[in-house]
Structures are given as structure tokens and as C-alpha cells.
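Letters A, B, ... mirror the listed sequences (proteins, then strands); counts begin at 1. Small disclaimer: the values here were computed from a predicted structure and weren't measured.
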Protein chains: 2
Amino acid sequence: MSHDDVYPASLQCGDCPIRHRAVCARCEANELDELESVKYYRSFEAGQTVIWSGDKMDFVASVVSGIATLTQTLEDGRTQMVGLLLPSDFVGRPGRDRAAYNITATTDILMCCFRRKPFEELMERTPHIAQRLLQMTLDELDAAREWMLLLGRKTAREKIASLLSIVARRDASIRHRRTDNRLTFDLPLTREAMADYLGLTLETVSRQISALKRDGVIELEGKRHVTVPDMERLMIEAGDDSDGGLIV
Amino acid sequence: MSHDDVYPASLQCGDCPIRHRAVCARCEANELDELESVKYYRSFEAGQTVIWSGDKMDFVASVVSGIATLTQTLEDGRTQMVGLLLPSDFVGRPGRDRAAYNITATTDILMCCFRRKPFEELMERTPHIAQRLLQMTLDELDAAREWMLLLGRKTAREKIASLLSIVARRDASIRHRRTDNRLTFDLPLTREAMADYLGLTLETVSRQISALKRDGVIELEGKRHVTVPDMERLMIEAGDDSDGGLIV
DNA sequence: CGACCGCTTGAGTCCCATCAAAGACTGTGG
DNA sequence: CCACAGTCTTTGATGGGACTCAAGCGGTCG
């Protein structure tokens with residue numbers, strides 16, 4: 001166990017990189033002050049477990065930087081990822097004192113934590129927080145439902161293509177590199193994590209990636225660096241609605 | 001097309017069967033009055049489509065009675081159910097003017113509709129509504145994630161057992177018939193709807209139900225009337241965490 | 001009665017999981 | 001420097017679980 005205690009000396013909410021996307025997005029100056037008084041930072045290294053399902057959890061948090069995963073498991077070890085936590089995503093549930101899922105850091109991550117009780121009280125008094133949280137939860141619900149369609153009805157090849165196109169689009173929307181329809185990005189996940197996300201085995205993931213490469217749908221440089229020569233082609237492989245889903 | 005216009009003469013919120021569970025659960029008398037002024041009822045017959053994905057939707061609603069389904073489809077017709085709407089469940093999304101899913105009435109249903117714009121304005125002013133909606137949305141998100149585990153990792157037999165145990169428990173919690181661990185209920189879904197829910201084909205659903213019957217896990221009377229002689233046994237077949245999920 | 005719908009059951013096929021082995025890369029220690 | 005272990009990944013061989021295609025049953029409705 002090395003240091004999961006590299007807390008930033010102090011980060012002002014005003015300077016926070018997720019200030020305008022996280023649960024605090026709508027807060028005004030005085031509301032931020034209140035949040036600031038109950039917040040603290042925690043960081044975790046890639047591979048570390050943030051919390052185990054069922055564990056006591058007396059904080060809620062925002063992911064400031066890095067990537068984490070939300071997973072559920074069956075007794076015999078079968079694992080399904082049920083969410084991917086990206087910067088600005090919210091962790092935990094007000095009113096619930098135990099974690100419902102395993103949270104694992106995929107990369108090094110920094111989280112902005114709020115003690116749960118004070119946060120809940122603050123939420124009662126501050127509609128801006130509840131409103132934003134509602135929005136974010138509705139978005140997550142939509143994402144979960146899109147994923148249900150993928151898990152229930154798509155083939156392995158379509159699943160891989162879907163994941164790649166989602167990562168590609170997210171990446172393109174962050175760095176505004178809209179060079180034609182050619183896109184390049186890094187996969188933030190191992191083959192195993194992809195398998196857990198897609199409801200496949202890692203062997204099948206590997207095979208289907210190889211197949212997409214062989215068929216010219218994607219190009220690979222190393223294991224993780226992907227370029228998509230023709231985004232439209234990839235979308236077709238994903239089997240989604242034609243146009244390409246405007247929803248983030 | 002027969003009459004989908006059997007509106008109840010008038011139903012006072014105070015007498016509403018879902019008064020204390022729906023989105024209005026936390027509202028006080030004066031808030032109810034406001035809701036009452038923008039509400040109207042619509043009913044649909046079993047089998048009717050309430051709305052198509054992508055259609056304009058200028059209302060949100062609560063299911064008062066009956067059952068409806070939320071489904072998503074791929075271009076080639078593959079269908080996945082992404083939600084089951086039971087009495088008190090909320091339909092639509094504030095701030096979104098088009099339906100994201102197909103909604104179909106499984107039984108005759110009655111919906112309490114609110115014009116969207118006034119509802120949104122009311123929500124801004126009425127934290128009680130937003131708070132309740134947040135709770136309900138978080139519950140739905142949990143349900144969706146549990147379903148992701150089922151879709152991604154469970155076998156056909158486990159999927160069927162899971163569905164049966166969910167319906168059984170819900171039914172038992174409504175009518176307080178806790179006779180030992182023997183339970184009896186009706187399936188509200190056709191084999192095809194079950195298949196769409198579980199990410200299976202209707203043939204596989206039928207075969208697995210037959211198998212569970214043959215193995216004595218369930219007993220069948222007709223096609224829809226199920227009795228579970230030993231609830232614990234069913235839970236084991238479902239592959240879930242041992243104890244049996246206290247979460248409603 | 002015949003048509004239709006929901007459901008069951010059978011036969012054959014295929015996609016993906018499983019089991020197994022080996023390649024690519026990294027870091028560690030002799 | 002290289003040997004070695006460990007992790008991540010690829011690829012092959014095999015089998016099985018669920019899908020597909022197809023036929024038939026029982027009930028309801030026109």
C-alpha cells in the first residue's frame with residue numbers, strides 16, 4: 001500500500017476543472033462557500049479499490065480527474081461493469097449509507113469528497129444542488145438504458161464497435177479535433193475491463209478487435225492507441241440508429 | 001382504434017391511489033392544488049402504443065394503474081425492454097421535448113398527465129417535487145444497473161428465475177400475503193415481453209420456464225399463474241446474493 | 001368452423017465461452 | 001547486460017448454450 005494520501009494542498013472551487021459540469025455546477029458563490037467547508041480531497045492510484053460494495057460510505061464525491069469503474073459481481077465472480085466514472089461524475093447516493101457497487105480506480109484519480117450528512121442537509125436548503133444532481137442522474141439513467149440495449153441485443157462485434165465509437169466521440173468532444181471523420185484516441189480500459197463492460201470474455205474482445213482491424217474498420221498502434229479512418233463506417237458496425245446519436 | 005378517451009370524470013388528488021408514492025408524494029395541499037390545475041387523465045387499452053420514440057412529447061405523467069413498458073429497438077427490429085412502468089412510476093423527462101423510448105401499454109392503463117411547461121415551472125418553484133423525482137430516478141438507476149448485471153452475465157435459466165423472483169416479491173409486498181415462503185402470482189407479461197426484458201428469444205423463455213417447472217422450482221396453472229413452493233430455492237436459481245436483496 | 005394468437009417443443013446451427021498456449025512488453029534482480 | 005517473472009494480449013481448438021427455423025397445441029374470436 002503506497003500513498004493514497006497525496007492530497008492537493010488546497011484547491012479553490014473557483015479554480016476547479018469540473019466547476020461547471022459537476023454537481024456544484026449551478027451553485028452560486030455563497031453556496032460554493034458552504035460546500036467548500038465540508039469538502040476534502042482524496043486520491044487513488046490506478047488499480048486501487050476506492051470502496052467495496054456493502055461498505056460503509058459516509059461521503060459522496062465528484063471525480064475531479066482520472067477514470068474509475070462501477071462494478072457489480074455475482075457470488076461466483078462473474079463481473080459486470082455498470083458505470084464508468086469520468087471527471088465531473090458523481091459518486092454515492094444521498095440518503096444511503098452503504099456503497100451499492102465496487103468502485104475501482106482505472107487510472108490515478110482525484111476525488112472531491114463531501115461528508116454525507118452535511119451534504120444532505122445542504123441539499124435540502126439548496127435547490128441548485130438537487131436540480132443539478134437530478135439532471136446528472138437522468139443522464140446516467142439514459143446511459144444505463146442505452147447500455148441495456150447493447151448488453152441484451154447486440155453481437156460481440158457490435159458491442160466492440162459501440163464502445164469504440166462512444167470513446168471516440170467523447171474524446172473528440174473534449175479535444176476539439178474534428179479532422180474530417182478520421183479520429184484517433186487511446187483506450188482507457190484493458191481488454192478485461194472492456195469485457196466486463198460489454199458482457200463478454202476478454203478473449204472475445206481481443207478477437208473482435210483483431211477482426212475490426214483486419215477489416216479496416218480501425219487501425220491499431222500498440223494495444224491501446226486506436227485510429228478510426230471512417231467514423232461513419234464504425235457507427236454502422238455499431239448497429240445504432242443511423243444518424244449517430246446527438247446525445248452526449 | 002377504439003376509445004382511448006375514457007377519461008375519469010374527475011379524480012381528486014387527495015383520493016388518488018398513488019398519492020403517497022408518485023412524484024407528488026411530498027407535496028402539500030397548496031402544491032397539489034397547483035398540480036391539479038395542469039393535470040389531465042389519459043387511458044390506453046392493453047396493446048396500445050402510448051408514444052413512439054422520437055415523437056414530440058409535451059407532457060410528463062404518472063402511471064395511476066396498469067402496466068406499461070419502455071422499449072428501445074435497433075433498426076433491424078431487435079427489441080430490448082429498458083423499463084417496466086408500474087403504478088406510481090414517472091413517465092417522461094422534464095426539459096426534454098421528445099420521447100426517448102417507445103411506451104406500450106401491457107394492460108389497460110390510466111395515466112395522470114401534466115402539461116410539460118407548467119410542470120417544469122412548477123418544479124423550479126417546488127423543491128418537494130424535484131426531491132421526490134430525484135429519489136425515484138435514483139431508484140430507477142439502481143434497478144437499471146441491476147438489470148445490466150442480469151443482461152450481461154446471467155444464464156437464461158438465471159434470468160428467468162430472477163424475473164420470477166422480482167415479480168413474486170413485488171406482488172407479495174403489495175398484497176401482504178406472507179404465507180410462509182410459498183407464493184402465488186400472475187405474470188403480467190407475455191413470453192415475448194419477457195424475452196424482450198431478459199434479452200432472450202421467446203422460445204428460450206418458454207423452454208426455461210418449462211425446465212424450472214420440470215425441476216419443481218415453480219408450479220404452473222395455465223400459462224400465467226405461477227406458484228413458487230420455495231422462495232429460497234428460486235432465489236438460489238436466480239444466482240443473486242445469498243440473503244435476498246432487501247432493496248425494494 | 002377456420003383464423004389467429006400465445007405458447008410449447010424439436011432439430012440443427014452458430015456464436016461465444018472455455019481451456020490452453022504462446023507472444024509482447026515491463027520491471028526486477030543477479 | 002541478460003534471465004526471469006508478471007501482466008496484458010493474441011490466437012487456436014473445442015464444446016455448449018442460446019438462436020433460428022419449423023411444426024404443432026390449445027384457447028378465443030369472428
Side-chain angles (χ1 to χ4, degrees), chain A residues 2 45-48 74 76-80 104 106-107 150-164 186-215 218-226 237 239, chain B residues 2 45-47 69 74 76-80 104 106-107 150-164 186-215 218-226 237 239:
Chain A
S2 44
E45 296 183 343
Q48 273 192 311
L74 263 19
D76 61 6
R78 281 174 287 175
T79 299
Q80 176 65 50
T104 310
T106 292
T107 65
L150 176 145
L151 291 172
R153 294 304 185 191
K154 288 191 177 179
T155 65
R157 185 181 176 100
E158 288 169 336
K159 285 178 175 181
I160 298 289
S162 298
L163 178 60
L164 292 175
D186 283 310
L187 277 173
L189 302 173
T190 65
R191 299 287 186 262
E192 187 179 18
M194 292 172 67
D196 286 343
Y197 207 175
L198 300 170
L200 298 171
T201 60
L202 65 90
E203 293 95 329
T204 298
V205 170
S206 182
R207 267 185 257 273
Q208 294 298 334
I209 289 182
S210 297
L212 288 175
K213 177 181 168 189
R214 175 169 24 78
D215 298 345
I218 60 172
E219 294 159 18
L220 274 183
E221 204 173 329
K223 312 297 188 187
R224 299 287 196 88
H225 195 73
V226 181
E237 293 283 357
Chain B
S2 44
E45 297 183 344
T69 65
L74 262 19
D76 61 6
R78 281 175 288 175
T79 299
Q80 176 66 51
T104 309
T106 291
T107 64
L150 177 145
L151 290 172
R153 295 303 186 192
K154 288 190 178 179
T155 65
R157 186 182 174 99
E158 288 169 335
K159 286 179 176 181
I160 298 289
S162 298
L163 178 60
L164 292 176
D186 283 310
L187 277 172
L189 302 173
T190 65
R191 299 289 186 261
E192 186 178 18
M194 292 173 67
D196 286 343
Y197 207 177
L198 300 170
L200 298 171
T201 58
L202 66 90
E203 293 96 329
T204 299
V205 170
S206 182
R207 268 186 256 274
Q208 293 299 336
I209 289 182
S210 297
L212 288 175
K213 177 181 168 189
R214 174 168 25 77
D215 298 346
I218 60 172
E219 295 158 16
L220 274 184
E221 203 173 330
K223 311 298 187 187
R224 299 286 196 89
H225 195 73
V226 181
E237 293 284 356

*Taking atom P of C:dT18 as reference, at what distance in whole Å does atom CG of A:Asp76 sit?*
10 Å

_Length of the CE-P vector between A:Met194 and C:dA17, whole Å_ = 14 Å

*Nearest whole angstrom, please: distance from the P of C:dC16 to the CG of A:Leu151.*
13 Å

_Interatomic distance, A:Glu192 CD vs D:dT7 P [rounded to whole Å]_ = 12 Å

*Look at the side-chain N and O atoms of B:Thr204 and state whether any lies under 4.0 Å from the OP1 or OP2 oxygen of D:dC19.*
yes

*To the nearest angstrom, how far is B:Arg78 atom CZ from D:dT20 atom C1'?*
14 Å

*Between B:Met194 and B:Ile209, is any pair of side-chain heavy atoms under 4.5 Å apart?*
yes

*Have a look at B:Thr190 and say if it touches a base, only the backbone sugar-phosphate, or nothing, with a 4.0 Å heavy-atom cut-off.*
sugar-phosphate

_Whole angstrom value for the distance that separates C1' of D:dC8 from CG of A:Leu187_ = 13 Å

*Would you indicate whether the side-chain heavy atoms of A:Gln80 and B:Leu151 approach each other to under 4.5 Å?*
no

*asked:* Just to be sure I understand the rule, does A:Arg224 reach a base, reach only the sugar-phosphate, or reach nothing, if contact means heavy atoms closer than 4.0 Å?
replied: sugar-phosphate

_Given C:dC7, C:dA17, D:dC19, the nucleotide with the shortest approach to the side chain of B:Leu200_ = D:dC19

*Specify the separation, in whole Å, of atom CZ of A:Arg214 and atom C1' of D:dG12.*
14 Å

*Grab the CD-C1' distance between A:Glu221 and C:dC25 for me, whole Å please.*
16 Å

*asked:* It should be established whether B:Thr201 places a side-chain nitrogen or oxygen under 4.0 Å from OP1 or OP2 of nucleotide D:dC19.
replied: yes

*Establish, with yes or no, whether the OP1 or OP2 oxygen of D:dT11 is under 4.0 angstrom from a side-chain nitrogen or oxygen of A:Ser210.*
yes

_Using only atom types and a distance under 3.5 Å, with no angle test, would you say the side chain of B:Glu219 pairs donor to acceptor with the backbone of B:Val226?_
no

*Determine yes or no for a side-chain-to-main-chain donor-acceptor pair under 3.5 angstrom, with B:Ser206 supplying the side chain and B:Leu202 the backbone.*
no

*asked:* Given 3.5 Å as the limit, does a donor-acceptor pair link the side chain of A:Arg153 with the main chain of B:Leu200, or not?
replied: yes

*asked:* So, under a plain 3.5 Å distance rule, would you say the side chain of A:Arg207 forms a donor-acceptor pair with the base of D:dG12?
replied: yes

*Which listed nucleotide (C:dC16, C:dT9, D:dT9) is nearest to the side chain of B:Glu203?*
C:dT9

*For A:Gly199, report the nucleic acid contact type (base, sugar-phosphate, nothing); a contact means any heavy atom under 4.0 Å.*
sugar-phosphate

